[in-house]
Amino acid sequence: MGLHNAGEFVLDILYPRRCPVCHGPAPASLRICPECRRKLPLVPGKRCAKCGKPVHESEVLCDDCAKTKHVFTRGIGVYIYNDLMRESIVMMKYKGRREYGETLGMLAAEEAREYLAAFRPEAVIPIPLHRERLRKRTYNQAEAIAEPVAKYLGVPLHPDGLIRRASTGAMKELSAAERAKNIEKAVFANENLPVYRRVLLVDDIYTTGATMDAAAAVLKRHGIPEIYFLTVCIGGGYMVNY
Ligand SMILES: [Zn+2]
Ligand SMILES: [Zn+2]
């Protein structure tokens, strides 16, 4: 977590950040209680070589990646989406706890350091939230998570690298393929986004990969050949009922 400068230290005392696990004030100069950090559910065993979902020791790919040809290159979701993570993410998205995104993004980057070293992204792009939802939520949680990730990597952050232009409607009733098509139609790359070789997409959770694939397809059309992702949580895999 590094040393804070004096200004940040004073701010920490005046406005202590809340811990994303117990929701109490985090100890000064820390963003999370040490004992709460130990409760964060890291994926315990082997991961899918493509999407990072938990797999059995004998498997290389998860069932989903064995069946689906993903557009993105590779990715990792750091924590299992259990009740604790669900509550933290709900508070972040709907209760204005932007600091949870910043804390979880920083922790996710630290935990995924070996993956990030292998991905070698030249820039970080958050998955965009469309404007209507942005108004309701006042901020894009993916951007809050992406900020410390870009800082950790020492690469540029492009909050507007991808733009979502219209409501994608109620997505719950759609199949993964329909959902992907829907997102792909609504998202476009900012014409000012440099044509990098490798970029890292950041979001709160990876589930089917439909969103990542749609964003990756858009970035590929923009000329970026390798698209990686980092998410705070990963859902699904064989541990569906954790
Ligand atoms: Zn705590
Ligand atoms: Zn997979």
Side-chain angles (χ1 to χ4, degrees), residues 1 12-13 15-92 95 97-108 110-112 114-115 118-119 127 176-177 179-180 200-217 226-240 242:
M1 288 181 207
D12 281 346
I13 290 172
Y15 307 100
R17 291 189 183 90
R18 295 208 165 250
C19 166
V21 175
C22 67
H23 314 295
S29 86
L30 293 181
R31 293 164 167 270
I32 185 169
C33 320
E35 63 274 23
C36 287
R37 182 169 184 177
R38 285 194 287 275
K39 288 183 197 156
L40 293 174
L42 280 170
V43 171
K46 198 176 170 188
R47 288 170 172 277
C48 169
K50 186 80 180 170
C51 77
K53 271 185 191 170
V55 293
H56 293 290
E57 282 305 320
S58 59
E59 294 170 325
V60 175
L61 296 175
C62 70
D63 290 351
D64 167 55
C65 290
K67 281 188 299 219
T68 314
K69 183 146 178 28
H70 287 295
V71 183
F72 62 78
T73 310
R74 256 185 90 190
I76 179 176
V78 171
Y79 300 108
I80 291 166
Y81 192 57
N82 63 2
D83 288 343
L84 184 157
M85 295 309 294
R86 190 173 299 124
E87 191 187 333
S88 194
I89 283 177
V90 165
M91 298 276 284
M92 164 175 68
K95 306 278 180 201
R97 295 280 167 90
R98 192 183 202 280
E99 68 220 81
Y100 289 9
E102 292 160 9
T103 301
L104 294 173
M106 192 190 68
L107 295 172
E110 282 178 11
E111 299 290 0
E114 285 168 27
Y115 287 83
F119 300 167
I127 292 291
R179 192 160 27 186
L200 184 75
L201 289 167
V202 171
D203 207 356
D204 53 350
I205 178 164
Y206 176 98
T207 46
T208 64
T211 305
M212 288 302 171
D213 276 336
E226 292 178 39
I227 292 107
Y228 299 89
F229 73 80
L230 172 72
T231 58
V232 170
C233 290
I234 192 122
Y238 73 93
M239 290 191 279
V240 176
Y242 28 75

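First listed ligand is number 1; within each ligand, the first listed atom is number 1.
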Would a line drawn from the ring center of Phe229 to the ring center of Tyr206 be shorter than 6.0 Å?
-> yes
What distance do Met212 atom CE and Thr73 atom OG1 have between them, rounded to the nearest 0.5 Å?
-> 12.5 Å
Would you indicate whether Glu114, at its atom CD, is surrounded by more than 12 heavy atoms from other residues, nucleotides or ligands within a distance under 6.0 Å?
-> no
Lys NZ or Arg CZ of Arg18 over Tyr100 ring: under 6.0 Å, within 45° = no
Which angle, to the nearest 10 degrees, do you find at the Zn ion (ligand 2) between SG in Cys65 and SG in Cys62?
-> 110°
With a cut-off of 2.8 Å, does His23 place any N/O/S atom under that distance from the Zn ion (ligand 1)?
-> no
Is any N, O or S atom of His70 under 2.8 Å away from the Zn ion (ligand 2)?
-> no
At the Zn ion (ligand 1): angle between Cys22 atom SG and Cys36 atom SG, to 10 degrees = 110°
